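Small disclaimer: the values here were computed from a predicted structure and weren't measured. Each ligand, and each atom within it, is numbered from 1 in the order the structure gives.
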Amino acid sequence: MIDLRSDTVTQPSQGMREAMVSAPVGDDVYGEDPTVNRLEEMVAEMTGKERGLFVPTGTMGNQLCLKALTEPGDEVIVGKKSHIFNYETGAPGVLSGVQLHTVDDRGGALNSMEVEMAVREKAYYLPKTSVVAQEQTHNKEGGRIVDLTHLISIARFAKEVGVSAHLDGARIWNAVVEADVSVKKYAELFDTVSLSLSKGLGAPIGSVLVGSTTVVAKAHKFRKIWGGGWRQAGILAAAGIYALENNIERLKEDHKKARSFYERIKSIDGIQVGDAPQTNILIFRLGNLDVKEVARQAAKENVMISAAFKDALRVVFHMDVSLSQAEEAAGVLSAVVTKLKNMQPAS
Ligand SMILES: Cc1ncc(COP(=O)(O)O)c(C=O)c1O
């Protein structure tokens with residue numbers, strides 16, 4: 001099976017499993033797990049932040065950052081296509097009692113003008129704008145990299161108006177290797193960043209959030225309140241350390257696979273695809289073909305594609321798919337689309 005539904009489907013490699021087995025561990029609620037501590041220090045150091053906190057998921061990373069940066073009744077500015085708005089099951093309302101103010105983020109970057117308009121005046125009868133949150137790379141925009149200059153201007157504006165800035169960096173590593181911008185350079189612009197280990201980096205679980213000592217202390221407290229105080233989590237942190245030490249540079253290979261897939265499908269009649277992918281995600285439309293049917297037919301040919309959107313399919317390239325498998329998958333998709341298109345009555 002060639003599974004292109006997401007980069008979260010990877011299996012831990014042999015080396016990663018060995019690192020997990022031999023990890024020294026302790027009780028992390030007591031702060032005594034040396035491997036968790038090492039991972040948190042490592043990511044804090046890489047990002048130039050005071051402190052890191054290891055959490056099970058990217059969703060928890062984002063939500064703890066929002067919790068730490070807001071008070072109930074506040075407002076958070078996010079992109080209409082952001083993960084926080086679309087795929088975190090309304091968590092900001094449930095967990096932090098905040099409301100989301102969405103702005104246009106076509107192309108990945110938050111629209112600066114809309115962000116400016118969205119910041120509320122300070123008045124007791126208005127919600128307080130507390131955070132502006134950007135995503136890098138942008139999932140629903142096909143893994144697009146948001147330009148550093150744009151991030152700088154968003155961060156500068158946030159500072160000017162006294163609003164915190166959060167970066168959902170679930171796939172920040174893909175931007176780091178492709179745009180050749182260090183993770184520190186990105187992170188210095190934001191008060192908090194949540195970085196995933198379990199996507200392209202191939203760890204089975206985990207994200208690390210980073211920020212100032214004060215902000216991360218608040219997130220730490222709420223991780224416990226939300227039931228996330230874990231014990232010998234070093235077994236999992238060891239996978240994260242292995243991922244950071246071994247799997248960052250190789251993300252470029254995933255981007256190459258995505259581009260090769262794109263080159264093979266871009267001129268197939270029935271497939272509408274925009275620019276070449278910048279990183280490991282490609283989203284394409286299929287005119288009036290039923291996306292779910294195309295995904296079903298491809299699965300019969302051993303290629304799994306995400307029909308996550310009503311009108312588009314998404315493929316994601318990762319370490320458990322080789323370049324030749326990516327090319328084979330492009331051939332399968334092209335054949336399925338051509339077959340279904342030929343079956344349609346002539347208009
Ligand atoms: C951009 C982005 N942020 C956050 C997440 C959440 O990560 P998790 O699935 O670990 O909760 C995802 C997951 O795909 C994502 O794509």
Atom indices of ligand 1, in the order listed, that fall short of 4.0 Å to a heavy atom of [X]:
X	answer
R171	14 (O), 15 (C), 16 (O)
E88	4 (C)
A170	1 (C), 2 (C), 3 (N), 4 (C), 15 (C)
G58	6 (C), 7 (O), 8 (P), 10 (O), 11 (O)

* Option of least heavy-atom distance to atom 4 (C) of ligand 1 (set: Q136, H83, H138) -> H83
* Asked: Using a heavy-atom cut-off of under 4.0 Å, does the side chain or the backbone of N139 touch ligand 1, or both, or neither?
  -> side chain
* To do: Specify side chain, backbone, both or neither for N62, according to which of its non-hydrogen atoms lie closer than 4.0 Å to ligand 1.
  => side chain
* Asked: Can R285 and D311 be counted as an ion pair, charged N to O under 4.0 angstrom?
  ->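 Looking at D311 together with R285, the answer is yes, because their closest N to O distance falls below 4.0 Å.
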Counting non-hydrogen protein atoms only, what is the nearest one to [atom]? Give residue, atom name and distance.
atom	result
atom 3 (N) of ligand 1	D168 OD2, 2.7 Å
atom 9 (O) of ligand 1	K199 NZ, 3.9 Å
atom 1 (C) of ligand 1	E135 OE2, 3.3 Å
atom 11 (O) of ligand 1	T59 OG1, 2.6 Å

* Mind checking whether T137 has an N or O less than 3.5 Å away from an N or O of ligand 1? -> no
Over 12 foreign heavy atoms within 6.0 Å of [atom1], [X]:
X	atom1	value
R38	CZ	no
K81	NZ	yes
R231	CZ	yes

* **Close approach, M60 and ligand 1, non-hydrogen under 4.0 angstrom** => no
* To do: Please say which of Q11, R17, E18 ends up in a side chain to side chain donor-acceptor pair (under 3.5 Å) with Q14.
  => E18
Under 3.5 Å side-chain donor-acceptor pair for [X] and [Y]:
X	Y	result
H255	T279	no
H138	D105	yes
Q278	E178	no

* Take K221 and I225 through the side-chain contact (heavy atoms from CB on, under 4.5 Å) test and state the conclusion after the steps. => CA-CA 6 Å; K221 180 179 171 71; I225 291 174; 4.2 Å; yes
